[in-house]
Amino acid sequence: MAKTYHTTVGSRSYRFASLAELMAKATPARAGDRLAGVMAESAEERVVAQMVLAELPLTTFLNEALVPYEADEITRLIIDDHDAKAFEPLRHLTVGDFRNWLLSDHATSEVLADVKAGITPEMAAAVSKLMRNQDLILVAKKCQVTTAFRNTIGLPGRLSTRLQPNHPTDDVTGIAASILDGLLYGSGDAVIGINPATDNVAQSVKLMRLMDEVIQKYQIPTQSCVLTHVTNTLEAIEQGAPVDLVFQSIGGTEATNRSFGFDLSTLAEADAAAQSLNRGTVGRNVMYFETGQGSSLSADAHHGLDQQTCEARAYAVARKFNPLLVNTVVGFIGPEYLFDGKEITRAGLEDHFCGKLLGVPMGCDVCYTNHADADQNDMDNLLTLLGVAGCNFIMGIPGSDDIMLNYQTTSFHDALYARRVLGLKAAPEFERWLEDMQIFQDVSTHRLNDQLPAAFANSLRHLPEEPRHDR
């Protein structure tokens with residue numbers, strides 16, 4: 001029988017029927033939890049739940065599973081892979097003590113790296129519920145997670161970008177134009193990654209070959225990825241396609257991932273297959289995962305948990321496979337889960353904090369759908385906050401508008417803004433390439449070159465001339 005949690009404030013008694021209910025009621029308000037019927041009924045109940053949660057020992061999360069161990073392979077992963085030695089310095093803490101310790105000068109970058117394997121996703125989610133936005137930013141800034149494939153992502157003072165050249169018909173010319181546009185603004189060091197409009201193996205292989213040809217021709221120190229289903233990428237590898245990274249959207253429960261058509265053994269198979277290609281030059285991180293608050297609820301696979309706790313559990317899946325990149329597509333699912341700019345901002349900071357605390361190389365797709373109560377000013381705010389927090393990478397899309405997926409995100413210009421205003425740089429290998437290619441006049445200030453780089457100009461001269469219809 002699940003343990004109950006209760007307290008009295010003044011003359012009123014509060015009772016929370018389970019740890020899952022306590023976690024949900026302590027969560028800052030958001031649309032998805034309201035939709036699921038797990039949100040606190042009032043601001044007073046939320047604060048009381050946070051007070052009770054603050055007094056909870058961290059060891060509670062090792063002894064009381066939010067999703068049953070026997071029924072969920074993610075729970076088994078979390079418990080079986082828990083590093084008791086790494087947890088030992090934290091064992092005596094309550095959730096509130098943990099917050100205070102994280103904010104203290106004792107929790108240095110080096111110490112946080114030492115204890116990360118002892119922190120479970122539920123511990124990370126719980127402590128985030130007690131934090132203000134500035135707390136999430138400060139602690140995340142101290143958590144440095146570095147990965148590598150053809151360049152090095154996540155070094156201090158760096159902000160990388162995924163160059164996302166999506167096209168509604170997968171038109172090769174349109175994709176190539178977007179890639180060129182992004183490169184000329186210094187985007188693309190995290191990955192050149194395409195969401196295919198037609199999601200099958202043949203189309204995925206075609207796009208993989210296109211990106212590989214561009215990378216090889218211009219000797220770009222970056223990696224490519226077609227964001228197709230993991231089983232399609234496995235088949236593409238069998239066909240000899242030039243696969244750099246393996247992509248998959250992931251969730252925080254076994255039922256969520258099964259609704260996506262995979263389990264942990266599928267990811268292990270894909271990781272091994274990509275490793276066997278040995279295509280990295282400076283590292284061997286070959287996986288790319290995307291997440292997003294609300295995915296488990298939308299799959300009816302949330303087990304009564306709040307959406308942020310489910311999201312944090314997804315990072316246990318990511319951590320298992322040592323990915324190059326993980327990003328939360330924070331506003332993509334829609335206002336049913338994150339209603340407005342305030343909720344999107346809070347969720348983005350929570351996700352980045354929880355991922356980094358667990359040792360995951362977190363980025364963020366700072367985005368919203370057109371029916372959400374949000375706009376680009378909200379995205380500017382979140383982008384700036386994440387840049388301060390040490391976010392590993394963001395998205396770069398022509399004009400902030402993904403014309404294939406029909407949502408609003410960050411542009412090549414936005415990435416350039418963030419680097420300039422916060423004094424951030426691209427990945428070091430990519431930065432040297434930008435300088436060698438003369439894309440920037442001054443790479444230290446991100447001042448763009450007035451002229452098209454010679455290598456690109458020469459390629460464009462050899463394009464076939466479009467037929468004129470006025471002759």
Trainee: Between Arg209 and Glu213 (salt bridge meaning N to carboxylate O under 4.0 Å), is one present in this structure?
Mentor: no
Trainee: For a quick test of reading the model, state the closest non-hydrogen atom pair linking Ala190 to Leu325 and the distance between them.
Mentor: O-CD1, 3.6 Å
Trainee: Are more than 12 heavy atoms from other residues, nucleotides or ligands located less than 6.0 Å from atom CZ of Arg447?
Mentor: no
Trainee: Take His302 and Gln307 through the test side chain to side chain contact (heavy atoms under 4.5 Å, CB included) and record every step on the way to the result.
Mentor: CA-CA 7 Å; His302 62 298; Gln307 65 184 34; over 6 Å; no
Trainee: Would you say Thr384 and Tyr417 are linked by a side-chain donor-acceptor pair, where the criterion is simply a distance under 3.5 Å?
Mentor: yes
Trainee: Do the side chain of Arg419 and the main chain of His446 share a donor and acceptor less than 3.5 angstrom apart?
Mentor: no
Trainee: Determine whether the side chains of Thr228 and Asn232 contain a donor N or O and an acceptor N or O closer than 3.5 Å.
Mentor: yes
Trainee: State plainly whether the residues Asp244 and Arg150 are in salt-bridge range, i.e. N to O under 4.0 Å.
Mentor: yes
Trainee: Search all heavy atoms of Pro453 against all heavy atoms of Ile439 and return the closest pair with its distance.
Mentor: CG-CG1, 3.8 Å
Trainee: Would you say Asp300 has more than 12 foreign heavy atoms packed within less than 6.0 Å of its CG?
Mentor: no
Trainee: Do Arg162 and Glu290 sit within salt-bridge range, that is, some charged N less than 4.0 Å from a carboxylate O?
Mentor: yes
Trainee: Check whether Ser128 reaches the backbone of Glu350 with its side chain - one donor and one acceptor, N or O, closer than 3.5 Å.
Mentor: no
Trainee: Is it the case that the side chains of Thr291 and Glu311 hold a donor-acceptor pair, with the cut-off being a distance below 3.5 Å and no angle test?
Mentor: yes
Trainee: What pair of heavy atoms forms the shortest contact from Ser109 to Lys142, and how long is it?
Mentor: OG-O, 2.7 Å
Trainee: Kindly compute the distance separating NE2 (His303) from OG1 (Thr309), expressed to the nearest 0.5 Å.
Mentor: 13.5 Å
Trainee: Are the side chain of Gln275 and the backbone of Arg284 linked by a donor-acceptor contact shorter than 3.5 Å?
Mentor: yes
Trainee: Starting from the C-alpha separation in whole Å, work towards a yes-or-no answer on side chain to side chain contact (heavy atoms under 4.5 Å, CB included) for Leu264 and Ile74.
Mentor: CA-CA 8 Å; Leu264 295 180; Ile74 311 306; 4.2 Å; yes
Trainee: If I compare all heavy atoms of Asp402 with all of Gln164, which pair ends up nearest, and what's the gap?
Mentor: OD2-NE2, 2.7 Å
Trainee: To the nearest 0.5 angstrom, please state how far the CZ atom of Arg313 sits from the OG1 atom of Thr253.
Mentor: 7.0 Å
Trainee: Return the orientation label for the Phe262 and Phe260 ring planes: parallel under 30°, perpendicular over 60°, tilted otherwise.
Mentor: parallel
Trainee: Side chains of Asn327 and Tyr288: do they bring a donor and an acceptor to under 3.5 Å?
Mentor: yes
Trainee: For a 4.5 angstrom cut-off between non-hydrogen side-chain atoms, does Thr445 reach Phe440?
Mentor: no
Trainee: Ignoring hydrogens and angles, tell me if any N or O in the side chain of Thr409 forms a donor-acceptor pair with the backbone of Ser400 under 3.5 Å.
Mentor: no
Trainee: Begin from the C-alpha positions of Met131 and Leu102 and carry the test side chain to side chain contact (heavy atoms under 4.5 Å, CB included) through to its verdict.
Mentor: CA-CA 11 Å; Met131 290 181 152; Leu102 287 170; 4.0 Å; yes
Trainee: Salt bridge check: are Lys129 and Asp306 linked by an N-O gap of less than 4.0 Å?
Mentor: yes
Trainee: Checking the side chain of Glu429 only, and the main-chain atoms of Thr152 only, is there a donor and an acceptor separated by less than 3.5 Å?
Mentor: yes
Trainee: When you measure from the side chain of Gln248 to the backbone N and O of Val230, does any donor-acceptor pair fall under 3.5 Å?
Mentor: yes
Trainee: Tell me whether the centres of the aromatic rings in Tyr315 and Phe289 are closer together than 6.0 Å.
Mentor: no
Trainee: What I want to check is whether the side chains of Asp351 and Thr328 have a donor and an acceptor closer together than 3.5 Å.
Mentor: yes
Trainee: What's the separation between atom CG in Asn285 and atom CE in Met287, rounded to the nearest 0.5 Å?
Mentor: 11.0 Å
Trainee: Has Lys356 got a side-chain atom pairing as donor or acceptor with Gly390's backbone, closer than 3.5 angstrom?
Mentor: yes
Trainee: Do Gln293 and Arg30 have side-chain atoms, one donor and one acceptor, less than 3.5 Å apart?
Mentor: yes
Trainee: For Ser160 and Asn392, run side-chain hydrogen bond (donor to acceptor under 3.5 Å, both in side chains): C-alpha distance rounded to whole Å, both residues' side-chain angles, the deciding distance at 0.1 Å, then the answer.
Mentor: CA-CA 6 Å; Ser160 295; Asn392 279 26; over 6 Å; no
Trainee: Phe87 and Gly118: which non-hydrogen atoms are nearest, and at how many Å?
Mentor: CD1-O, 3.2 Å
Trainee: Using 0.5 Å steps for rounding, measure from the CZ atom of Arg158 to the SG atom of Cys391.
Mentor: 16.0 Å
Trainee: Spell out, as yes or no, whether a donor-acceptor pair under 3.5 Å connects the side chain of Asn449 to the backbone of Gln438.
Mentor: yes
Trainee: Assess whether ring-ring contact (aromatic ring centres under 6.0 Å, His included) is satisfied between Phe332 and Tyr368, documenting all intermediate values.
Mentor: CA-CA 5 Å; Phe332 182 74; Tyr368 65 100; over 10 Å; no
Trainee: Walk me through whether Lys217 and Asp212 qualify under salt bridge (Lys or Arg N to Asp or Glu O under 4.0 Å).
Mentor: CA-CA 8 Å; Lys217 180 177 178 62; Asp212 185 60; over 6 Å; no
Trainee: Would you kindly say whether Thr222 and Asp189 are connected by a side-chain donor-acceptor distance under 3.5 Å?
Mentor: no
Trainee: Could you tell me if Asp263 and Ser265 have a donor-acceptor pair between their side chains, going purely by distance under 3.5 Å?
Mentor: yes
Trainee: Any chance OH of Tyr185 has more than 12 other-residue heavy atoms, nucleotides or ligands included, within less than 6.0 Å?
Mentor: no
Trainee: Measure the spacing between CZ of Arg346 and CG of Leu382 and express it to the nearest 0.5 Å.
Mentor: 12.0 Å
Trainee: Side chain of Gln203, backbone of Asn200: donor and acceptor closer than 3.5 Å?
Mentor: no
Trainee: Does Gln239 have more than 12 heavy atoms from other residues, nucleotides or ligands lying within 6.0 Å of its CD?
Mentor: yes
Trainee: Quick check: are there more than 12 heavy atoms from other residues, nucleotides or ligands sitting under 6.0 Å from CD of Gln451?
Mentor: no
Trainee: In Å and rounded to the nearest 0.5 Å, what is the CG to CE distance from Asn406 to Met404?
Mentor: 9.0 Å
Trainee: Between Tyr407 and Asp365, is any side-chain donor less than 3.5 angstrom from a side-chain acceptor?
Mentor: yes
Trainee: Of the non-hydrogen atoms in Asp181 and Pro398, which two are nearest, and what is the gap between them?
Mentor: OD2-CB, 4.2 Å
Trainee: Is it the case that the side chain of Glu343 and the backbone of Phe339 share a donor-acceptor pair, with hydrogens and angles ignored and the cut-off at 3.5 Å?
Mentor: yes
